[in-house]
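First comes the structure, then the notes that go with it.
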Amino acid sequence: MLSFEEAKARLETAGQSHVLQFWSELSAEESTALLEELSQLKPEELLEHCLTAVEAASRHSSADGRLDARMEPVPPEFIGSVRKSDKERLKMWGDEGLSQISQDRVAVLLLAGGQGTRLGVPYPKGMYNVELPSGKTLYQIQAERIQKVQELANVKHGCRCTIPWYIMTSEFTLGPTEKFFRDNEYFGLCPSNVVMFEQRMIPAVGFDGKIILEKKNKIAMAPDGNGGLYRALVDNKILEDMERRGVEYLHVYCVDNILVKMADPVFIGFCVNKGADCGAKVVDKAYPAEPVGVVCRVDGLYQVIEYSEIQPETAELRGPGGELLFSAGNICNHFFTRGFLKEVAEKFESQLKQHVAVKKVPFVDGEGNLVKPTKPNGIKMEKFVFDVFQFSKKFVAFEVLREEEFSPLKNADGAPLDTPTTARRSLLAQHYRWALAAGGNFLDEQDKPIPPKHSMAQNEDPPAICEISPLVSYFGEGLEKLLKQKNLKSPFLLNENEAKNLVQTT
Ligand SMILES: CC(=O)N[C@H]1[C@@H](OP(=O)(O)OP(=O)(O)OC[C@H]2O[C@@H](n3ccc(=O)[nH]c3=O)[C@H](O)[C@@H]2O)O[C@H](CO)[C@@H](O)[C@@H]1O
């Protein structure tokens with residue numbers, strides 16, 4: 001840890017002496033905490049960070065940095081599609097994916113370092129319970145999908161394979177996430193195959209280039225964006241861990257999509273089959289202002305233009321048939337080969353763009369009073385996970401069906417979209433469709449048949465409640481033998497025990 005004199009000298013070099021303005025008022029414990037925090041920051045990097053932040057923020061508010069004029073859609077031949085592919089092709093990709101999984105060559109990596117401010121809960125988003133009949137949290141659903149897809153590969157290939165689960169956390173999320181997994185016995189996974197690691201935090205900067213103090217002895221720090229992944233992979237020797245385990249392919253995803261298909265064999269198989277080093281799942285954008293990034297090309301290179309950085313006029317552009325021109329909505333599900341990640345970590349990480357977010361950052365004023373600003377006062381800098389696409393030698397996009405694969409939890413209930421209610425509804429609607437397709441008949445509480453409904457509006461609840469445990473079915477497979485011509489009383493919860501009962505009554 002630094003001494004006071006060393007900290008003072010460092011801060012002077014970086015033009016940040018104000019950080020010690022309350023030093024004489026701090027207790028021994030508080031001053032130690034501040035020195036510990038300052039020990040993590042290198043003076044040259046700090047100076048550069050503050051200068052870059054101010055410069056990037058002024059560029060951000062002008063039109064200079066915009067890429068809209070140089071954007072072009074991804075050519076159709078570079079987009080694989082679930083919708084446009086026949087069953088045989090999808091099966092071929094799925095088989096390829098399962099074969100890779102069976103050889104322990106596939107891992108998943110969860111980006112879980114975000115603060116989930118929009119959802120407004122004080123704990124990590126993965127711990128959120130959207131009030132499914134089972135009461136499962138997002139983390140539990142994800143863990144069970146990993147188990148199931150491992151089992152599918154084991155049964156098909158007669159093996160005992162493992163899909164390691166890497167979880168990138170931040171200072172905000174590591175402690176509670178670790179505890180949650182321990183308390184829940186890793187949801188049945190082997191703890192040695194769940195690897196948590198931490199991304200870096202960086203200071204928030206005021207418009208005057210000074211880092212912001214959120215307490216008398218604490219700098220306002222925020223995670224360095226989900227593109228902090230690439231530095232975190234190096235800091236925590238994750239690529240070495242992957243190599244040791246023989247992992248070649250990685251499925252990277254964000255925490256809040258209740259429909260995420262963990263290590264999706266079809267997506268993995270598609271990317272492997274195309275010889276891709278980098279890939280992204282996309283859905284057709286629902287409406288121009290939908291808050292999803294768009295996968296496109298800029299100067300011939302693949303890129304995602306984030307929803308916060310595209311101009312509304314560009315988002316609204318339409319093709320000859322009236323369809324959105326930039327329709328490839330990013331759902332934050334990416335494929336990378338380990339080789340590609342190694343190259344990025346070694347050669348390209350420092351070239352990743354710094355994105356600017358101008359935010360309201362609570363701070364202490366000159367008298368030491370905590371102030372909650374009413375208008376933005378601070379610059380947060382973030383790297384984005386998809387900014388490495390431009391370095392790919394073979395990039396592919398894979399279009400999937402929204403109703404099967406994308407329903408993110410971003411906002412608290414009360415907001416029109418992407419809430420606990422919409423997430424729960426999407427999952428229950430999917431499971432209802434699976435049960436109908438498997439030949440099940442739903443009954444209400446008085447044992448009266450509920451007429452089946454084969455198509456539903458997006459904001460419509462299914463007529464019967466049906467939840468299927470991922471431990472029973474990963475993507476609707478294997479349900480016919482359990483549900484065909486069975487009367488299922490709503491609410492119907494198909495867990496492993498219920499599945500055993502159903503097998504016995506067949
Ligand atoms: C930068 C990015 O990927 N943006 C995508 C993200 O937007 P969106 O704005 O929703 O991104 P979030 O802020 O929710 O972050 C996405 C994921 O990254 C994680 N995270 C975030 C910040 C951080 O420092 N560390 C970290 O691990 C979050 O925990 C989350 O799992 O999801 C949308 C789909 O739902 C996509 O259309 C957006 O293009």
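Ligands are counted one by one from 1 in listed order, and the atoms in each one are counted from 1 as well.
In summary, the aromatic rings of Tyr302 and Phe395 are positioned with their centroids under 6.0 Å apart. In this structure, Tyr139 has its ring center under 6.0 Å from that of Phe181.
Remark: Asp284 does not engage Arg402 in a salt bridge, criterion side-chain N to carboxylate O under 4.0 Å. Salt bridge absent: Glu240 and Arg245 never bring a charged side-chain N and a carboxylate O closer than 4.0 Å. Between Lys281 and Asp264 there is a salt bridge, since a side-chain N of the basic residue sits under 4.0 Å from a carboxylate O of the acidic one.
Under the 3.5 Å distance criterion, with hydrogens and angles disregarded, no donor-acceptor pair is assigned to the side chains of Asn236 and Glu198.
At a heavy-atom cutoff of 4.0 Å, ligand 1 is surrounded by Leu111, Ala112, Gly113, Gly114, Arg118, Met168, Gln199, Pro223, Gly225, Asn226, Cys254, Val255, Asp256, Val292, Gly293, Glu306, Tyr307, Asn330, Cys332, Phe384, Val385, Phe386, Phe406, Lys410.
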